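What follows is a set of notes on a single structure, which appears directly below.
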Number of protein chains: 2
Amino acid sequence: MKKRSGQADEAHAIAERVHSAAIRLLRRLRKSDAAQGLSGPKSSALSVLVFGGPQTLKDLAAAEQVRAPTMSRLVAELEVDGLATKAGDRSDRRVVRIAATAKGKTLLEAGRERRLEVLTAQVEALSRAERETLRSAAEILVRLNAQG
Amino acid sequence: MKKRSGQADEAHAIAERVHSAAIRLLRRLRKSDAAQGLSGPKSSALSVLVFGGPQTLKDLAAAEQVRAPTMSRLVAELEVDGLATKAGDRSDRRVVRIAATAKGKTLLEAGRERRLEVLTAQVEALSRAERETLRSAAEILVRLNAQG
DNA sequence: ATAATTAGTTAGCAAAGCTAACAATATCAC
DNA sequence: GTGATATTGTTAGCTTTGCTAACTAATTAT
């Protein structure tokens with residue numbers, strides 16, 4: 001028997017629901033992915049490159065909350081597909097600067113578009129207040145995620 | 001160049017943010033998982049069994065938005081660990097009824113507890129209004145997910 | 001100059017998803 | 001009833017994505 005304060009109990013219930021909703025959302029979106037050439041993690045990494053500009057592998061891995069070897073491989077694959085480039089840094093020759101190519105940017109757009117098509121339509125059908133709730137919740141989560 | 005109505009544009013931006021927040025949240029939570037014996041998908045499946053009662057493999061797979069072979073393996077692993085049982089149905093001998101064991105229920109509790117510990121603490125530290133926002137957002141997402 | 005740290009890669013493993021192919025049972029058409 | 005078709009679940013084998021451990025190369029600190 002667990003004993004908790006009312007507030008902690010409420011927080012726990014909210015955490016569970018948010019967690020569960022996130023799991024199901026991603027599983028659902030994953031499906032519209034395969035149809036096209038850009039998997040979830042690759043799309044996400046490319047997105048960071050497009051919107052955050054060229055970065056080192058380490059930073060990219062950190063942004064994606066993934067270990068260096070994992071990102072190293074993802075980037076290698078993006079490079080093979082001509083979606084990103086690696087270039088050595090002159091001042092510190094250990095680091096590799098990774099950038100999205102024009103092709104990468106284009107494909108990213110198309111990919112995220114399709115991936116989020118259904119969700120976007122659903123969000124559009126919500127009331128103004130509900131949309132605002134989602135937007136605020138996303139912001140809160142981003143903040144919590146950053147906290148670690 | 002994409003052209004969109006202001007409202008669709010807003011919906012798209014919200015969809016992106018929600019998506020991104022969900023990705024990062026799950027990546028973060030996944031880490032506190034490994035420490036213990038119950039991975040994300042297994043924990044989730046077990047949860048369905050505990051809260052939804054015994055089910056056929058097909059229903060369980062549908063609830064988890066996963067294909068039958070995937071669920072078949074997850075259940076087999078849960079069974080090996082003594083967390084779930086499979087029993088044939090007498091009236092339709094094709095189907096297998098899957099149920100959580102007492103051990104499974106206990107472990108599920110402990111698992112989700114630990115998995116959500118950090119998030120719960122963070123949610124607890126939020127303002128009342130922020131907590132309410134998260135709760136509402138989770139509800140909205142669950143509804144959208146159910147729509148397909 | 002040498003030691004320690006940092007950035008990235010390679011190799012090899014595990015988890016979780018998929019499809020294709022199959023066995024066993026149920027249901028339907030006739 | 002019997003043969004064709006559906007459904008349920010499993011097995012085999014592949015892919016993707018994550019990890020750690022071990023390594024190289026380059027930089028920084030002592």
Side-chain angles (χ1 to χ4, degrees), chain A residues 23-24 26-46 54-81 84-99 111 115, chain B residues 23-24 26-46 48 54-81 83-99 111 115:
Chain A
I23 287 179
R24 283 174 174 69
L26 292 191
R27 276 211 272 251
R28 180 157 69 99
L29 293 187
R30 199 175 16 232
K31 288 168 190 164
S32 30
D33 251 340
Q36 181 220 5
L38 207 53
S39 76
K42 284 183 208 168
S43 167
S44 189
L46 191 52
Q55 310 194 22
T56 66
L57 189 136
K58 197 196 178 203
D59 290 346
L60 191 51
E64 289 296 278
Q65 295 178 319
V66 144
R67 301 289 178 167
T70 298
M71 188 51 69
S72 182
R73 184 179 23 184
L74 287 177
V75 167
E77 289 166 4
L78 287 175
E79 202 185 14
V80 164
D81 292 343
T85 55
K86 291 194 292 188
D89 185 311
R90 252 180 305 272
S91 68
D92 183 342
R93 287 183 352 212
R94 290 169 304 179
V95 318
V96 179
R97 287 204 92 68
I98 301 154
R115 183 182 171 79
Chain B
I23 285 179
R24 285 174 174 69
L26 291 191
R27 278 210 270 249
R28 178 158 70 100
L29 294 186
R30 196 173 22 229
K31 287 168 191 164
S32 33
D33 250 342
Q36 181 219 5
L38 208 53
S39 75
K42 285 183 207 169
S43 167
S44 189
L46 192 51
V48 170
Q55 310 195 24
T56 66
L57 188 136
K58 198 198 176 201
D59 289 346
L60 191 51
E64 288 296 279
Q65 296 178 319
V66 144
R67 300 290 178 166
T70 299
M71 188 50 70
S72 182
R73 182 179 20 168
L74 287 178
V75 167
E77 289 165 6
L78 287 175
E79 201 185 14
V80 164
D81 292 343
L83 307 174
T85 55
K86 292 194 290 188
D89 186 311
R90 252 180 305 272
S91 68
D92 183 341
R93 287 185 350 211
R94 291 170 304 181
V95 319
V96 179
R97 286 204 93 68
I98 302 154
R115 183 180 171 83

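None of the values given here were measured: they were computed from a predicted structure.
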Spacing between [X] atom [atom1] and [N] atom [atom2], to the nearest angstrom:
X       : N      : atom1 : atom2 : answer
B/Leu38 : C/dA15 : CG    : C1'   : 13 Å
A/Glu79 : C/dG8  : CD    : P     : 14 Å
A/Leu60 : C/dT9  : CG    : C1'   : 15 Å
A/Gln65 : D/dT17 : CD    : P     : 17 Å
B/Lys58 : C/dT25 : NZ    : C1'   : 15 Å
B/Ile23 : D/dT17 : CD1   : C1'   : 13 Å
B/Asp59 : D/dT8  : CG    : C1'   : 11 Å

Does [X] put a side-chain nitrogen or oxygen below 4.0 Å from OP1 or OP2 of [N]?
X       : N      : answer
A/Thr70 : D/dC19 : yes
B/Arg67 : C/dT19 : yes
B/Arg27 : D/dG18 : yes
B/Lys42 : C/dA15 : no
A/Thr56 : C/dA7  : no
A/Lys86 : C/dT9  : yes
B/Ser72 : D/dT10 : yes

By nearest-heavy-atom nucleotide on DNA chain C, the more 5' of B/Leu74 and A/Arg97 is A/Arg97

What I'd like to find out is whether the side chain of B/Leu38 reaches to under 4.5 Å of the side chain of B/Leu83, using heavy atoms alone.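 SC-SC contact between B/Leu38 and B/Leu83 confirmed.
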
Excluding sequence neighbours, so at least two apart, what forms side-chain contact (heavy atoms from CB on, under 4.5 Å) with A/Ala76?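 Counting only residues at least two positions away or on another chain, A/Ala76 forms no side-chain contact (heavy atoms from CB on, under 4.5 Å).
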
Under the side-chain contact (heavy atoms from CB on, under 4.5 Å) test, which residues partner A/Ala68, sequence neighbours left out?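 Expected list: A/Leu57.
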
Quick one: which of [options] gets closest to the side chain of [X]?
X       : options               : result
A/Val66 : D/dT17, D/dG9, D/dG18 : D/dG18
B/Arg73 : D/dG18, C/dA16, D/dG9 : C/dA16
A/Val95 : C/dA16, D/dT17, C/dA7 : C/dA7

With the 90 degree cut-off around zero defining syn, does C/dA23 come out syn or anti?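 With its glycosidic angle more than 90° from zero, C/dA23 counts as anti.
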
When you match A/Glu77 and B/Met71 each to their closest nucleotide on DNA chain D, which lands nearer the 5' end?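 It is B/Met71 whose nearest nucleotide is closer to the 5' end.
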
Of all residues at least two apart in sequence or in a different chain, which pass the salt bridge (charged side-chain N to carboxylate O under 4.0 Å, His left out) check with B/Asp92? B/Arg94

Taking any heavy-atom pair under 4.0 Å as a contact, classify A/Glu64: base, sugar-phosphate, or nothing. nothing

I'd like to check the side chain to side chain donor-acceptor pair (under 3.5 Å) partners of B/Ser44; sequence neighbours left out, ordered by chain and number. B/Glu64

Suppose we screen for side chain to side chain donor-acceptor pair (under 3.5 Å). Which residues come up paired with A/Asp81, at least two apart in sequence or across chains?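 Result, side chain to side chain donor-acceptor pair (under 3.5 Å) vs A/Asp81: none returned.
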
Mind checking who C/dT25 pairs with, Watson-Crick or G-U wobble, both distances under 3.5 Å? none

When both hydrogen-bonding distances must be under 3.5 Å and the geometry is Watson-Crick or G-U wobble, what is D/dG13 paired with, if anything? C/dC18

Starting at CD1 of B/Ile98, measure out to OG1 of B/Thr56 and round the result to the nearest 0.5 Å. 7.0 Å

Could you go over nucleotides 22-29 of chain D and give all protein N or O partners under 3.5 Å, atom names and distances?
{"from": "D/dT27", "atom 1": "OP1", "to": "A/Arg93", "atom 2": "N", "distance (Å)": "2.8"}

Which of these, B/Val48, B/Val96, B/Leu74, B/Val66, sits in a side-chain contact (heavy atoms from CB on, under 4.5 Å) with B/Leu60? B/Val48

